[in-house]
Amino acid sequence: MDLLLTVLDLAGTFVFAISGATAAVQQRLDVFGVAVLAFATGTVGGITRDVLIGATPPLAIAEPNYALMTLAAAVVVFFGHRFVDRIQSPVAIFDAAGLSMFAVTGTIRALDYGISPIMAAVMGMVTGIGGGMMRDVLIARMPAVLQPVELYATAALAGSSLTVIGATLDWPFVPTVLCAAGLCFFLRFMALRRGWRLPAPRIGE
Amino acid sequence: MDLLLTVLDLAGTFVFAISGATAAVQQRLDVFGVAVLAFATGTVGGITRDVLIGATPPLAIAEPNYALMTLAAAVVVFFGHRFVDRIQSPVAIFDAAGLSMFAVTGTIRALDYGISPIMAAVMGMVTGIGGGMMRDVLIARMPAVLQPVELYATAALAGSSLTVIGATLDWPFVPTVLCAAGLCFFLRFMALRRGWRLPAPRIGE
Amino acid sequence: MDLLLTVLDLAGTFVFAISGATAAVQQRLDVFGVAVLAFATGTVGGITRDVLIGATPPLAIAEPNYALMTLAAAVVVFFGHRFVDRIQSPVAIFDAAGLSMFAVTGTIRALDYGISPIMAAVMGMVTGIGGGMMRDVLIARMPAVLQPVELYATAALAGSSLTVIGATLDWPFVPTVLCAAGLCFFLRFMALRRGWRLPAPRIGE
């Protein structure tokens with residue numbers, strides 16, 4: 001079980017780091033800026049969760065594997081940025097996969113630390129969306145997650161909520177994890193391909 | 001006593017969440033963005049304080065009541081945003097009330113965790129202004145608290161300092177809390193109605 | 001030894017606070033905004049490090065000396081801002097000195113708390129660059145550390161890495177500290193005076 005969670009967590013870190021490094025290249029940052037944005041995007045969600053649930057030092061600080069994953073992503077993007085446009089769509093898919101993995105692993109870790117079910121679901125969502133928010137704040141733009149274009153955090157919350165429900169009702173572990181991650185991925189995928197979104201308030205109409 | 005503090009804390013959370021949700025509606029965010037900004041504005045001040053004084057998990061994470069208060073505020077604003085303009089002035093008053101409550105409850109909580117008097121006053125101020133700063137960073141504008149337009153953080157610092165003085169000199173609890181919150185509210189109110197402000201350095205004159 | 005580290009830490013806090021207060025004056029903030037930016041720039045790097053390594057409450061919260069240093073810097077800048085242009089170059093030198101001190105003290109503190117060598121070097125770098133990043137986020141611009149203009153975080157990482165190597169190989173303490181800080185300062189100085197920088201990816205060429 002722990003192995004499954006660790007693999008999901010490291011894979012999520014890698015794909016988010018790819019998205020951070022790509023944003024850095026688009027901003028024409030130097031090699032260090034690319035590495036910083038890769039690290040921040042890949043780990044800030046989990047670090048925030050761990051600080052909030054009192055699990056310090058956070059996993060991403062205590063275990064060098066996380067930093068190494070983001071470094072690998074930075075290297076891949078730095079030397080492969082000419083191909084970024086060509087693989088744009090797969091990147092969005094990987095990003096959805098990262099969101100799904102983090103939403104589930106973050107929720108389970110919060111439950112392990114005794115956080116209540118409702119707030120554990122929120123912590124799972126924070127794990128999923130935190131890295132991307134930090135990436136956008138660092139390049140001084142409004143976080144994409146707040147903009148009313150795509151179903152993003154809601155997909156994470158759906159996945160983390162299903163994880164909480166499964167854990168509360170004692171469903172078998174592996175199927176629950178896979179279903180919850182799959183639900184998040186499905187919602188995000190439909191948002192990307194079919195434009196699913198949430199209602200926004202209408203002003204001045 | 002604890003009941004008084006809890007009521008003040010939850011009331012402050014609610015009114016700040018109202019201001020965050022209102023900013024989100026003005027930015028035309030979707031229903032999730034409204035909920036996120038309501039939660040961040042209502043709880044980040046207290047969460048920051050708790051992380052800094054070592055009280056993890058923070059109250060707003062450990063107790064679902066805080067998240068529920070911000071959710072209620074988001075719902076109120078999401079469905080009532082057509083009336084936002086009409087109640088602008090009361091919102092500013094509620095915001096001042098929230099600032100006053102958080103400055104006092106944040107200071108007392110820091111003292112309870114063994115923080116020194118000077119830094120406890122700073123922590124009270126951080127509790128009061130943290131949520132609004134996060135709200136502004138998330139929508140990529142310079143935090144209002146830094147702009148030289150209004151007496152805001154200074155009012156919070158006055159309230160938290162009076163709380164520290166009262167606690168140090170063993171004044172009776174309830175009157176101290178009410179006087180400190182009242183001082184903060186009075187200063188903020190005069191800034192809003194009479195334009196009280198601090199001096200700014202003059203450049204190029 | 002502890003005395004040396006404390007002196008370096010407080011001196012670094014002061015010079016960074018000077019840079020934060022100067023940025024605040026350039027943004028025409030009021031006296032409180034100047035004090036907030038001085039405090040944030042001087043202490044956020046160390047506070048972030050302490051929160052991440054689980055050393056709460058952070059030094060800068062537990063010991064009022066840090067806040068007093070930033071207050072002193074704010075007062076100096078607030079009343080001396082007419083001379084800011086004249087001392088611009090010395091300020092950049094002081095800033096490089098602060099970066100060097102924080103990179104070393106942050107690394108040693110992380111090692112003291114049992115962080116692994118690789119991540120201790122990262123924590124040293126975070127201590128050095130955190131304050132400046134927060135300063136820039138608060139005034140809603142992209143952090144200077146991310147912009148491909150100057151060797152900055154890389155200099156900090158070089159200093160913190162040398163500190164880790166020295167600590168791992170049991171080199172004598174004081175020379176190691178001075179050499180590591182000196183390396184960071186030299187790299188930053190050459191970046192300022194000779195334009196040393198890292199390669200950036202080339203797009204559309």
Side-chain angles (χ1 to χ4, degrees), chain A residues 47-58 109-111 113-123 125-126 128-130 132-134 136-158 164 187 191 196-205, chain B residues 20-41 43-44 46-48 50-52 54-68 70-71 74-85 133-143:
Chain A
I47 287 176
T48 304
R49 173 205 62 215
D50 282 355
V51 166
L52 292 181
I53 66 178
T56 54
R109 191 162 159 83
L111 288 171
Y113 273 77
I115 304 298
S116 70
I118 290 178
M119 293 313 293
V122 172
M123 288 296 98
M125 187 192 70
V126 164
I129 69 176
M133 293 180 81
M134 175 59 82
D136 293 343
V137 165
L138 286 180
I139 59 178
R141 70 178 182 208
M142 182 158 75
V145 69
L146 290 179
Q147 291 162 5
V149 271
E150 292 168 355
L151 212 62
Y152 192 83
T154 316
L157 191 58
V164 162
L187 290 173
W196 287 13
R197 63 181 67 184
L198 288 177
R202 290 172 195 171
I203 300 176
E205 287 174 4
Chain B
T22 302
V25 166
Q26 286 166 351
Q27 295 276 329
R28 298 172 181 251
L29 304 187
D30 68 14
V31 65
F32 180 81
V34 173
V36 165
L37 268 188
F39 181 74
T41 310
T43 66
V44 161
I47 287 176
T48 304
D50 282 354
V51 167
L52 292 181
T56 52
L59 268 182
I61 304 297
E63 299 189 6
N65 285 340
Y66 288 86
L68 294 177
T70 67
L71 193 61
V75 168
V76 166
V77 171
F78 191 78
F79 291 107
H81 61 83
R82 287 169 196 282
F83 307 99
V84 161
D85 285 341
M133 292 180 82
M134 175 59 81
R135 176 194 63 212
D136 292 344
V137 165
L138 286 180
I139 58 178
R141 71 178 181 207
M142 183 158 71

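Residue numbers begin at 1 in each chain, while the letters A, B, ... track the order of the sequences. Note that the coordinates shown come from a computational prediction; the quantities given were computed from them, not determined experimentally.
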| field | Which atoms of A/L52 approach chain B - backbone, side chain, both or neither, heavy atom under 4.5 Å | value | both

| Toward chain A, the part of B/F39 with a non-hydrogen atom under 4.5 Å | side chain

| Between atom CZ of B/F32 and atom CG of B/L37, what is the distance when rounded to the nearest 0.5 Å? | 10.0 Å

| said: Are more than 12 heavy atoms, taken from residues, nucleotides or ligands other than A/I118, located less than 6.0 Å from that residue's CD1 atom? | reply: no

| Interface moiety of B/A35 toward chain A, non-hydrogen atoms closer than 4.5 Å | neither

| task | With B/L59 as reference, evaluate B/D50, B/I47, B/T43, B/N65 under the side-chain contact (heavy atoms from CB on, under 4.5 Å) test and give the passing residue. | result | B/D50

| query | Roughly how far apart are B/F78 CZ and B/L71 CG, rounded to 0.5 Å? | reply | 12.0 Å

